[in-house]
Undergrad: 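Here you go, one structure.
Sequence positions, counted from 1, serve as the residue numbers for this chain.
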Amino acid sequence: MQKDTVISRKGFASIFMGAGAGMALIGLLLYIIDIRAIYDLPIYLMLIGGAVFFYGLAQLLRRKRLGETVPVSGRAVKGFLLNNAILLALVLMVIVIMFIEPRFMQINVLKDILTQSSTRLIIALGICFTLLIGGTDLSAGRMVGLAAVISASMMQTAEYGNRFFPGLPQLPVFVPILIAIAACVVFGLLNGFLVSRFDMHPFIATLAVQVIIYGAASLYFDMPPNRSQPIGGIRPDFEALGQKKIFGADGISILIPIALIVTVIIWYVLNKTVFGKNVYAIGGNRQAAIVSGINVPLTILGIFILAAALYGVGGVLEAARTAGATNNYGMGYELDAIAACVVGGVSLNGGVGKVGGIVVGVLIFTVIQYGLAFIGISPMWQQVIKGVIIAVAVAIDLSKYRRK
């Protein structure tokens, strides 16, 4: 068998550092020249160049841990393309959209995409736990709606004519938020109980709970004097949770750093805690996990409770972002979240998946929805493209792990 050609890790890192520095320099020159036709492309080039440079720098600083050499061959390149196919697809999609409509190169477009991705990312991070154990959670979207309705109903201004609770005093903003999340946790507990205690398949258990939640949320929403009217008149301090801009009026939505914080926390839970390692172990081989002493029922219960809490956070932020709520909020969110996780590399067989992949998966679907609408593609074609991407992602996933 022919051996792979190798180059030093230092040389490998230098290639990326040089390419990144060059790209950033080109972006800086274009920014100075100020060519209006390319909008904010110089800023994108500087950002991407900086990311490539620091990737090379990380390779250089970690060369003792990663190895002093890097294999370079057709097989290695093919493996790299296969492992990063989804990320490359996202980059290619953005380039094509920018070529068709240069206005897509504006930084404001990027900020809008990140804002729209924020709550969906939090929901996807919740549902990934259930997928990692080879299950699913069909109740996620309805929990989002439940949290939105409960939090919004308690956060209306005193002057609003159609208050959900006319005699309710002005509560501190964190009280309705905690109540909404707690309500979701109760149903998460029910999901976990059905799956762990009765060994019910998560698909059936969460489908049943989904129906229960929607019925309960609809009954709550229909209570007098509201009678199923859309909830409005939201207090400014609650709206600020979803609409506030940081770094000035032209800054970024507060949802972006909130989603970033949640992402870091979930990454830490999955990669640095015993609970996270148990999640992967159960998904990889449940019988082996039981033999090794892992309390599988308790871990499954914790998974559904944690997932429900994240759905609750997502629902509260959706209500704040839109300054209102109805009992139909969150409908179908669970399907988008599952699709984003699968596209991001979370295996439906369980035991495999990374937080970074989930972030990319969510961004891909947001770019599809936002970017294709931006260039005037019919929503029906958007659904076709979304379906093709899901099918291709699953095929790549199966091919990748079959080779392993």
Undergrad: When the ring centroid of Phe193 is compared with that of Phe198, is the distance short of 6.0 Å?
TA: yes
Undergrad: Indicate the ring-plane relationship of Tyr220 and Phe164, choosing parallel, tilted or perpendicular according to the 30° and 60° boundaries.
TA: parallel
Undergrad: Within a reach of under 6.0 Å around OH of Tyr31, are more than 12 heavy atoms found that belong to other residues, nucleotides or ligands?
TA: no
Undergrad: Do we see a donor-acceptor contact under 3.5 Å between the side chains of Ser139 and Tyr214?
TA: no
Undergrad: How close do Met23 and Leu45 get, counting heavy atoms only, and between which atoms?
TA: CG-O, 3.6 Å
Undergrad: Taking Tyr280 for its side chain and Gly353 for its backbone only, find out whether a donor-acceptor pair lies under 3.5 Å.
TA: yes
Undergrad: Should the ring pair His201 and Phe203 be called parallel, tilted or perpendicular, given that the plane angle runs from 0 to 90° and is split at 30 and 60?
TA: perpendicular
Undergrad: Does atom OH (Tyr268) have a neighbourhood of more than 12 heavy atoms from anything else shown, all under 6.0 Å?
TA: no
Undergrad: Are side-chain heavy atoms of Asp336 and Lys386 found at a separation under 4.5 Å?
TA: yes
Undergrad: Compare every heavy atom of Val362 with every heavy atom of Ala124, then report the nearest pair and how far apart it is.
TA: CB-CG2, 3.8 Å
Undergrad: Compute both the distance and the angle, then confirm whether Arg103 meets the cation-pi test with Tyr39: under 6.0 Å from the six-membered ring centre, within 45 degrees of the axis.
TA: no
Undergrad: Between Arg9 and Gln59, is there a side-chain donor-acceptor contact under 3.5 Å, judged purely by atom types and distance?
TA: yes
Undergrad: Taking atom types as modelled, is there a side-chain donor on Asn327 or Ser218 under 3.5 Å from an acceptor on the other?
TA: yes
Undergrad: Looking just at side-chain N and O atoms, do Glu318 and Tyr333 make a donor-acceptor pair shorter than 3.5 Å?
TA: yes
